Amino acid sequence: MEELNLDEWISRDCQCGNPHFDMTIEQIVIERSALKEAVLFLETKNYQKLTIVADRNTYEVAGRSFLQAVKQLKILTETCLVGYENDSEVIADEKSIVQVMTSVSANTEIIIAIGAGTIHDIVRFVSYKMGKPFLSIPTAPSVDGFTSMGAPIIVNGNKKTYQTQAPIAVFAELDILMEAPKKMIAAGFGDMLGKTTSLADWQFGHLIDEEPFCPLVFQMTEQALEKCLIHFQKIANREEEGIKILMQSLILSGLAMLRFGQSHPASGAEHHLSHYWEMDFIKKQKRQVLHGEKVSISTCLISKFYQTTIKTALIELKKGSIQFSDKRMERLKINEEKILDILMKMPASIQIQEMVRGLGGELNPQSLGISEELIESSLQNAHLLRERSTFLSFYNQFIRNQKA
Ligand SMILES: [Zn+2]
Ligand SMILES: [Zn+2]
């Protein structure tokens with residue numbers, strides 16, 4: 001069975017000159033025996049009291065059996081089920097934060113996050129604020145943020161990402177991941193597909209705007225993406241090998257960001273579009289959709305936009321039919337071939353669509369509540385949300401007006 005060697009990637013040294021952050025995650029297990037390993041980990045740490053945080057679904061899927069397994073340790077436990085009876089979904093907002101904070105006893109020594117992205121964001125935030133470590137037990141391979149330090153939280157109707165802490169260890173039980181809902185697996189794969197455009201944007205931003213770049217972190221993310229693409233069919237079939245590769249890839253992508261301390265490798269224009277849509281949903285109080293569902297659709301849109309509109313514009317720039325005076329014009333001239341090559345190497349938009357479809361993911365933005373107008377507005381404005389140089393931000397700043 002082929003797999004990614006996470007330990008080897010973690011131990012690699014880099015001399016690129018950018019600041020790098022040490023990996024504080026002590027253990028990462030993605031196996032059929034992961035829950036047992038989690039119990040052993042807690043035993044060696046000799047904790048006296050822990051708090052489990054889950055929602056009603058993830059408690060049934062993994063919380064109950066985990067609680068059963070830790071009984072042998074004679075460790076005190078308490079459980080917090082996030083969300084109230086009449087809630088239709090669990091959101092990482094002030095209501096959930098207060099619920100968890102008031103449920104965690106002062107003498108708890110470690111908080112266990114059992115769930116997908118949202119539960120992790122809530123626990124990451126609360127554990128950090130309470131000065132306690134947290135342990136990650138993902139229940140679906142749905143997002144690359146399990147190991148991240150950033151906790152996106154909605155406060156007073158606005159989403160803000162707080163820098164908090166990474167888990168001290170991750171134990172992902174394969175039996176549970178393989179049984180995850182189809183749309184969560186499609187979402188995780190979609191978050192990985194987003195790297196096809198985020199890596200292109202990162203290379204471009206480095207060449208044109210001198211954005212910081214690390215070859216090792218680039219390779220980590222590229223390797224994670226490649227493995228997912230190669231094992232697409234096994235992931236779609238939910239084979240053990242496929243699901244393991246998907247989870248390892250998501251974790252590796254998260255570790256790459258953790259190492260770099262910034263989101264460049266994993267988040268480009270496709271993520272900016274997704275954030276833009278999410279903010280619109282929050283403003284209109286619409287039911288949220290999974291992060292990876294949005295990223296699947298935005299990656300299809302962005303890759304098509306890059307391979308048609310932007311490629312044509314770059315060729316026109318090369319011929320001299322479009323011009324502007326800016327230092328970027330000089331850098332563009334020097335790096336013309338490299339930049340066109342970045343676009344040529346991206347998988348075709350149609351291939352990306354086929355993979356999303358093959359996994360049972362949603363391809364129609366309208367079905368998720370993303371209107372034509374919202375898409376158009378995001379293509380023109382989403383780059384303003386982040387101080388990042390991407391093909392899209394470059395196009396909007398220098399070319400769009402000339403084309404109008
Ligand atoms: Zn993402
Ligand atoms: Zn480096």
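Since the structure is predicted, the reported quantities are computational estimates derived from the model, not experimental observations. First listed ligand is number 1; within each ligand, the first listed atom is number 1.
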Once rounded to 10 degrees, what value does the angle at the Zn ion (ligand 2) take between SG (Cys14) and NE2 (His20)? 120°

Take the Zn ion (ligand 2) as the vertex and measure to SG of Cys16 and SG of Cys214; round to 10°. 110°

From Asp144, does some N, O or S atom reach closer than 2.8 Å to the Zn ion (ligand 1)? no

Is the shortest distance from a Lys or Arg side-chain nitrogen in Lys132 or Glu109 to a carboxylate oxygen in the other one below 4.0 Å? no

To the nearest 10 degrees, how large is the angle at the Zn ion (ligand 1) between His271 NE2 and His291 NE2? 90°

Give a yes or no on whether a salt bridge exists between Lys244 and Glu31, defined as a side-chain N under 4.0 angstrom from a carboxylate O. yes

Would you name the N/O/S atom of Asp191 that lies closest to the Zn ion (ligand 1)? OD1

Would you mind checking if Glu60 and Arg56 are paired as a salt bridge, meaning a charged N to carboxylate O distance below 4.0 Å? no

If I take atom OG from residue Ser142 and atom CE from residue Met247, how far apart are they, to the nearest 0.5 angstrom? 7.5 Å

Between Glu222 and Lys195, does any side-chain N to carboxylate O distance fall below 4.0 Å? no

